[in-house]
Amino acid sequence: MGLQENIKQVRAAIDEAARAAGRDPTSVTLLAATKTQSSNTIRAAIAAGITVCGENRVQELTAHLADDAYQGAELHFIGHLQTNKVKYVVGKVALIHSVSSEKLLQAIAAQADKLGLVQDILLEINLAGEASKSGFAPGEALAAARLAACLDGVRLRGLMCIPPAAHHPGENFHHFMTLRQLAVDIRQEMVDNNRDMDMLSMGMSGDYKDAVAAGSTCVRVGSALFGPRPPVLPEG
Ligand SMILES: *Cc1c(COP(=O)(O)O)cnc(C)c1O
């Protein structure tokens, strides 16, 4: 079937983009964005070599977990998260990519405290100031990182972005370079250089090669692996 071949091709393209940029290909994780996929498709992707799955919606995450669909892979949360749903996510995923407000950051830390664990997180940055997207403005990111550093329940691992959809190669390269520089700047301002802050989650099906060229350590790829998705309704 196509899935196995798609995974091979995307992985090969990541490796090539990394080498072209003088980077070690193993420094880039291919995360499969599994939204709208069935438990069986997720299992097939893991059987075909996918090591990290990223889920967008709490409802799908919960259903697939009940199904044991992610067995053999690491699970991340990459979608918009409402504060009243953190209890379904904290401690169930290795990394939350999409921490988009201080209120959410505090809710995640509180839930982690309650469970007696430390939740790894990324701060989502709204680079282009798009009203339709969540995330911190670049100018708010340092304050959010400092807040995260004060909260025992979270460990800040880096930054994530979802730039506008790219229609041409190269189009989002400058956004990815901006995110990378922002991470460097924040690290420098933090106590101890925050050495845990080593992740840049950036790049999707349309622009992951540019993201790798700009330093991405995790590309989140959906349709290039699984094919086009049917339109999804907003989560209620
Ligand atoms: C759906 C999604 C992706 C993958 O998108 P594709 O364009 O299908 O590769 C990546 N990141 C996030 C946050 C997503 O919601």
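Quick note: residue numbers are just sequence positions, from 1. Remember, it's 1-based here, ligands and their atoms both numbered in the order they're listed. Predicted model, so just to flag it, every value in this text is computed and none were measured.
With hydrogens and angles disregarded, no donor-acceptor distance shorter than 3.5 Å links the side chain of D207 to the backbone of N172. Checked by atom type and distance alone, the side chain of H175 never pairs as donor or acceptor with a backbone atom of I162 at under 3.5 Å.
Contact annotation: the side chain of F136 never approaches that of N126 to less than 4.5 Å [non-hydrogen atoms, C-beta and beyond].
Taking D120 as the reference, R155, R157 meet the salt bridge (charged side-chain N to carboxylate O under 4.0 Å, His left out) condition, with sequence neighbours excluded.
A side-chain donor-acceptor contact under 3.5 Å links R220 and S201.
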Please tabulate, line by line, the atom pairs linking an N/O of ligand 1 to a protein N/O at a distance below 3.5 Å, with the distance in Å to 0.1, or answer 'none'.
unit_1: ligand 1; atom_1: 8 (O); unit_2: S223; atom_2: N; d: 2.8
unit_1: ligand 1; atom_1: 8 (O); unit_2: S223; atom_2: OG; d: 2.9
unit_1: ligand 1; atom_1: 8 (O); unit_2: R229; atom_2: NH1; d: 2.7
unit_1: ligand 1; atom_1: 8 (O); unit_2: R229; atom_2: NH2; d: 3.1
unit_1: ligand 1; atom_1: 9 (O); unit_2: S205; atom_2: N; d: 2.9
unit_1: ligand 1; atom_1: 9 (O); unit_2: S205; atom_2: OG; d: 2.4
unit_1: ligand 1; atom_1: 9 (O); unit_2: G222; atom_2: N; d: 2.8
unit_1: ligand 1; atom_1: 11 (N); unit_2: R220; atom_2: NE; d: 2.9
unit_1: ligand 1; atom_1: 15 (O); unit_2: K35; atom_2: NZ; d: 2.7
unit_1: ligand 1; atom_1: 15 (O); unit_2: N56; atom_2: OD1; d: 3.4
unit_1: ligand 1; atom_1: 15 (O); unit_2: N56; atom_2: ND2; d: 2.7

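Summarising the geometry of A211 relative to M202, their closest heavy-atom pair is CB-O, 3.2 Å, with the distance given to 0.1 Å.
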